Amino acid sequence: MARAAGIIACCAALFAGTSARADLAIEQAGFDAPTTHYAHAVLGDGVEYGALVLRLTDGQRVTLRFAPGTRVFEDIAPRLWDVTGDGAPEAIVVETDPARGAQLSVYGLRPDGGAAKLAATPHIGQPNRWLAPVAAADLDGDGRIEIAYVDRPHLAKRLRIWRFDGGTLRHVIDHDGLTNHKIGWDFIPGGLRDCDDGPELITADAGWQNVMATRFDGRSVSTRALAPYAGPESLAAALRCD
């Protein structure tokens, strides 16, 4: 499957009438329905996607599709991260409304067995404004999952942390001066590491001078420089605890 906002109502409820199964989960996810109607090209080309395809552990495929000419998935690939804390992954994607910019969205399985958008952050607020996901983890050790992304990595360079709580994404804290993407890259370096002393978010600083490690303790964010930035591989090296 390749690299995709109004979801066609019928497609968000393909499993209506199906009883929920405790062992049913998302196994793979990808994008389909390439489109060029949103001319941002932040990922290096003019192609985005209009459909999210989920393959479940029982072999079924569910397609969630936007109406033509509306929203797109402006992303590299869906991320299978467990953000609800139930042990099964959800599909985390960057979803863009052409008039309001990007938002981070969580797609998963409903209790009735259907697949749908479970939660999302607000849109950035204007066209051609994007965000780059970093990671999802229990960053502060309280048993709840936080999701981190860089808001406008080419402009604002602001790390934002949200928590999946009560079925919604609730904003927790922001920290300026960090980034993880350059215009035209078809990848997002960095992410999450734990070098036996707790989770850290790996990004670059705003000027692309240093590889940065960021922690959240439940009250505040702290950052430290790990090494000079020497290209995307230096972020990958930090993830390996090199």
Side-chain angles (χ1 to χ4, degrees), residues 1-4 29-31 40-49 73-83 89-96 101-106 121 124 128-139 145-162 173-216 221-242:
M1 287 179 285
R3 276 200 292 126
F31 297 132
H40 189 196
V42 72
L43 294 169
D45 61 28
V47 179
E48 309 305 340
Y49 295 89
F73 292 107
E74 190 178 15
D75 207 346
I76 296 160
R79 298 147 196 86
L80 294 185
W81 293 343
D82 176 16
V83 301
E90 285 72 44
I92 314 305
V93 297
V94 181
E95 174 180 327
T96 297
Q103 67 178 171
L104 192 76
S105 297
V106 179
T121 64
I124 291 173
N128 299 331
R129 296 295 183 267
W130 187 70
L131 62 88
V134 180
D138 180 5
L139 297 176
I145 304 298
E146 285 80 38
I147 306 178
Y149 65 79
V150 177
D151 175 13
R152 292 161 290 171
H154 323 113
L155 296 171
K157 302 181 181 182
R158 176 174 299 136
L159 181 74
R160 308 202 77 190
I161 296 176
W162 300 71
I173 198 168
D174 294 339
H175 187 82
D176 289 339
L178 300 171
T179 190
N180 62 343
H181 186 265
K182 293 186 177 183
I183 293 174
W185 279 0
D186 61 354
F187 59 93
I188 303 171
L192 180 75
R193 78 173 192 176
D194 188 338
C195 300
D196 298 323
D197 58 354
E200 294 182 305
L201 303 170
I202 301 301
T203 65
D205 63 15
W208 293 97
Q209 298 300 306
N210 294 291
V211 177
M212 304 296 294
T214 299
R215 292 178 180 266
F216 172 61
V221 168
S222 61
T223 64
R224 61 192 177 98
L226 298 177
Y229 175 77
E233 171 55 30
S234 57
L235 296 177
L239 293 180
R240 297 192 298 266
C241 303
D242 291 352

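Heavy-atom basis, side chains included; hydrogens, waters and symmetry copies ignored. All figures in this text were calculated on a predicted structure; none of them were measured in a lab.
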Between Pro189 and Pro232 the two heavy atoms that sit nearest each other are CB-CB, 4.3 Å
Sequence neighbours excluded, the answer for ring pair (Phe, Tyr, Trp, His ring centres under 6.0 Å) partners of His175 is none
Heavy-atom check, side chain of Glu90 versus side chain of Asp82, under 4.5 Å = yes
Smallest heavy-atom separation, Arg193 atom then Leu239 atom, equals CB-O, 3.8 Å
Q) So Trp162 and Tyr149, would you call those rings parallel, tilted or perpendicular, with 30° and 60° as cut-offs? A) parallel
Original post:
After noting the C-alpha distance and the side-chain angles of Leu139 and Leu192, does the key distance pass the side-chain contact (heavy atoms from CB on, under 4.5 Å) rule?
Top reply: CA-CA 10 Å; Leu139 297 176; Leu192 180 75; 4.1 Å; yes
Output for pair (Ile161 CD1, Glu146 CD), nearest 0.5 Å, gives 7.0 Å
Less than 4.5 Å apart, side chain to side chain, heavy atoms only: is that true for Arg160 and Leu104? no
Does Thr179 use its side chain to pair, donor to acceptor, with the backbone of Pro153 at less than 3.5 Å?
yes
Quick note, salt bridge (Lys or Arg N to Asp or Glu O under 4.0 Å) partners involving residues 150-159, not counting sequence neighbours, are Arg158-Asp176
Tightest non-hydrogen contact, residues Glu95 and Ser105, listed as OE1-OG, 3.0 Å
By side chain to side chain donor-acceptor pair (under 3.5 Å), Arg215 pairs with (sequence neighbours left out) Asp197, Glu200
CD1 (Ile188) and CG (Leu131) are apart, to the nearest 0.5 Å, by 8.5 Å
Sorted by chain and residue number, the side chain to side chain donor-acceptor pair (under 3.5 Å) partners of Arg79 (sequence neighbours excluded) come out as Asp75
Contacts of Trp130 meeting side chain to side chain donor-acceptor pair (under 3.5 Å) (sequence neighbours excluded), chain-then-number -> none
In this structure, CG of Leu226 is separated from CD1 of Ile202 (nearest 0.5 Å) by 5.0 Å
Is Gln103 reaching over with its side chain to a backbone N or O of Thr121, donor-acceptor style, under 3.5 angstrom?
yes
CG of Leu159 to CE of Met212, rounded to nearest 0.5 Å, is 11.0 Å
Taking every heavy atom of Leu201 against every heavy atom of Ala148, the minimum-distance pair comes out as CD1-CB, 3.6 Å
Residue set satisfying side chain to side chain donor-acceptor pair (under 3.5 Å) with Asp138, at least two apart, ordered chain then number -> none
So OG of Ser234 and CG of Asn210: to nearest 0.5 Å the spacing works out to 9.5 Å
- Parallel under 30°, tilted from 30 to 60°, perpendicular over 60°: which one fits the rings of Trp185 and Phe187? parallel
In this structure, CZ of Arg129 is separated from NE2 of His40 (nearest 0.5 Å) by 7.0 Å
Here the pair of heavy atoms bringing Ala204 nearest to Leu235 is N-CD2, 4.1 Å
* To do: Please examine the side chains of Phe31 and Val93, heavy atoms only from C-beta on, and report whether any two atoms are closer than 4.5 Å.
  => yes
- Query: If we only count heavy atoms from C-beta on, is the Leu178 to Val134 side-chain gap below 4.5 Å?
  - Reply: no
